[in-house]
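Have a look at the structure below, then the notes.
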Amino acid sequence: MNPPDVPAPDQPDAEDGAVEASAEPPAEPFADADLAGATVVTDEPLAPKTWLRVGGPAQHFAEPVNREQLQALVRRCAETGTNCRLLGGGSNLLVRDEGVSGLVIRLPKEHWSDLTIDKVVGSVTVDCGAPLSHLVAETVKAGLAGLETLVGIPGTVGGALHGNSGGRHADVGSVCESVEVMTRSGDICTRTRDELSFGYRRSSLDELCLLRATFALRPADPDALADRARKTWILKKSSQPLSHQSAGCVFKNPRGQSAGDLIERAGLKGTRVGGAEVSDRHGNFIVTGEGAKSADVLRLIDLCRDTVLQRTGVELETELRIW
Ligand code: EPU
């Protein structure tokens with residue numbers, strides 16, 4: 001399902017909100033600061049780090065390799081009033097052409113993907129920078145049921161939890177037991193099941209960074225799980241433009257309706273603005289091609305929303321995060 005030249009599906013989506021600064025932050029907030037060895041670069045292109053492959057750069061960008069570095073970066077942002085955002089796999093994110101101010105942090109999966117399975121208890125604990133696909137594959141292999149129908153969903157575990165990723169049969173929140181998080185002031189704490197709430201494409205996890213999560217799963221036959229995952233994957237492939245540059249579904253489904261169906265019935269499939277197009281395979285996907293701009297995608301989103309509203313009275317709400 002990996003579109004050519006697009007970051008691996010396993011890379012998210014904690015496209016978390018930024019900390020809005022109240023006073024003007026210093027131009028060089030990270031110069032001479034003790035960042036526990038973390039490196040900050042400037043004007044880092046974000047387009048190649050997103051699935052839509054459009055949009056401008058991050059003013060500052062860092063990939064901390066451990067908690068100390070992450071904490072030092074987050075604390076420095078808090079001290080200096082610098083906006084701080086977390087980039088996950090970039091699979092549900094549109095970055096505007098002008099780029100983003102402040103710091104964008106991405107957790108490199110080589111350093112943030114530890115996974116431990118306890119088959120006796122039926123639980124799995126995983127670092128939130130891990131690809132969701134890795135978590136799904138490992139739990140299926142271990143014969144633990146609950147995540148197998150999330151096959152083919154791109155992004156990181158953190159991004160999946162943040163937006164409660166899922167499909168028709170399950171979502172990630174329904175089996176989540178606890179999540180260790182880092183707040184915008186750099187403090188680490190654990191949110192347990194009774195403090196968490198998950199809804200359709202939303203969660204109460206609004207902290208800057210999700211660090212590690214535990215899921216409670218049920219023992220099952222690995223072959224049966226693999227078979228279920230395979231069937232879900234085949235269905236997905238038959239209806240979604242998975243070989244193109246896209247960010248999955250653009251809009252949430254309105255209650256009891258399908259956004260893709262509404263867009264199709266409004267005659268919008270195949271509509272182009274610049275280098276962006278409403279997929280002719282699935283109406284709720286926008287695909288980008290050569291020369292596409294973020295502005296093209298935004299205009300297409302507005303066109304879909306306005307046309308569907310005019311024709312049906314239904315107001316579509318974006319699922320895609322926009323920076
Ligand atoms: N449909 C159309 N035309 C279209 C698209 C869909 O008529 O262009 C109809 C289908 O024929 C079907 C119904 O709408 O009867 C539902 O379509 P589909 O099975 O494709 O599911 P969906 O509701 O469009 C949701 C999730 C997907 C997830 C699939 C499968 C949302 C917004 N989308 O799509 O998630 O993969 O179910 O579980 O909830 C995503 O969130 O990024 C995403 C891709």
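In listed order, ligands and their atoms are each counted from 1.
Looking only at heavy atoms of the protein, atom 7 (O) of ligand 1 is closest to Asp261 OD1, 3.3 Å. Closest to atom 44 (C) of ligand 1 among all protein heavy atoms lies Cys249 SG, 3.2 Å. What sits closest to atom 22 (P) of ligand 1 on the protein, heavy atoms only, is Asn253 ND2, 3.9 Å. Scanning the protein heavy atoms around atom 35 (O) of ligand 1, the nearest turns out to be Arg201 NH2, 3.1 Å. Residue, atom and distance of the protein heavy atom nearest to atom 3 (N) of ligand 1 are Glu264 OE1, 2.6 Å. Among protein heavy atoms, the minimum distance from atom 36 (O) of ligand 1 is reached at Gln240 NE2, 2.9 Å. Atom 40 (C) of ligand 1 has as its closest protein heavy atom Glu319 OE2, 3.2 Å.
Summarising the local packing, CG of Asp34 is surrounded by 12 or fewer heavy atoms from other residues, nucleotides or ligands at distances under 6.0 Å. Other residues, nucleotides and ligands contribute only 12 or fewer heavy atoms inside 6.0 Å of the CD atom of Glu315. Heavy-atom neighbours of Arg193 CZ from other residues, nucleotides or ligands within 6.0 Å: above the threshold of 12.
Near Gly167, with a cut-off below 4.0 Å to any heavy atom, the atoms of ligand 1 are 38 (O). Close approach to Phe251 involves these atoms of ligand 1, each under 4.0 Å from a residue heavy atom: 32 (C). Every atom of ligand 1 is numbered from 1 in the order shown, and the set under 4.0 Å from a heavy atom of Tyr200 is 31 (C), 32 (C), 39 (O). Close approach to Gly283 involves these atoms of ligand 1, each under 4.0 Å from a residue heavy atom: 4 (C), 8 (O).
Here the CZ atom belonging to Phe198 is positioned 8.0 Å from the CG atom belonging to Asp171, to the nearest 0.5 angstrom.
Ion pairing between a basic and an acidic side chain is recognised when a charged N comes within 4.0 Å of a carboxylate O; Arg305 and Asp302 show such pairing. A salt bridge links Arg230 to Asp227: at least one charged side-chain nitrogen sits closer than 4.0 Å to a carboxylate oxygen.
Some N or O of Arg168 is nearer than 3.5 Å to an N or O of ligand 1, by distance alone. In terms of N/O distances under 3.5 Å, ligand 1 is not approached by Arg281. The shortest N/O to N/O separation between Gly248 and ligand 1 does not fall below 3.5 Å.
Contact annotation for atom 12 (C) of ligand 1: protein absent (non-hydrogen atoms, distance under 4.0 Å). For atom 15 (O) of ligand 1, the nearest protein heavy atom lies 4.0 Å or farther away. Within a 4.0 Å radius of atom 42 (O) of ligand 1, the protein contributes at least one heavy atom.
Residues Arg202 and Ser197 bring a donor and an acceptor atom of their side chains to less than 3.5 Å of each other.
For His169, no heavy-atom contact with ligand 1 is shorter than 4.0 Å. Of all the heavy atoms of Ser258, the ones lying under 4.0 Å from any atom of ligand 1 belong exclusively to the side chain. At a 4.0 Å heavy-atom cut-off, ligand 1 touches Phe285 through the side chain alone.
Residues satisfying the salt bridge (charged side-chain N to carboxylate O under 4.0 Å, His left out) test with Lys252, not counting sequence neighbours, are Glu317.
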Handout entry: Test side chain to side chain contact (heavy atoms under 4.5 Å, CB included) applied to Glu148 and Thr232, step by step
Key = CA-CA 9 Å; Glu148 67 284 357; Thr232 309; over 6 Å; no
Handout entry: Residues Arg321, His162; criterion side chain to side chain contact (heavy atoms under 4.5 Å, CB included); working and verdict
Key = CA-CA 11 Å; Arg321 289 178 183 272; His162 183 75; 3.2 Å; yes
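Looking at every heavy atom in both residues, Trp112 comes nearest to Arg67 through CH2-N, 3.8 Å.
In this structure, Arg265 does not count as a contact residue of ligand 1, since none of its heavy atoms falls inside 4.0 Å of the ligand.
A donor-acceptor contact shorter than 3.5 Å is absent between the side chain of Thr307 and the backbone of Cys304.
Of the candidates His282, Lys252, Lys269, Lys236, His282 brings a heavy atom nearest to atom 24 (O) of ligand 1.
Considering only heavy atoms from C-beta on, Leu150 stays 4.5 Å or farther from Ser165 through its side chain.
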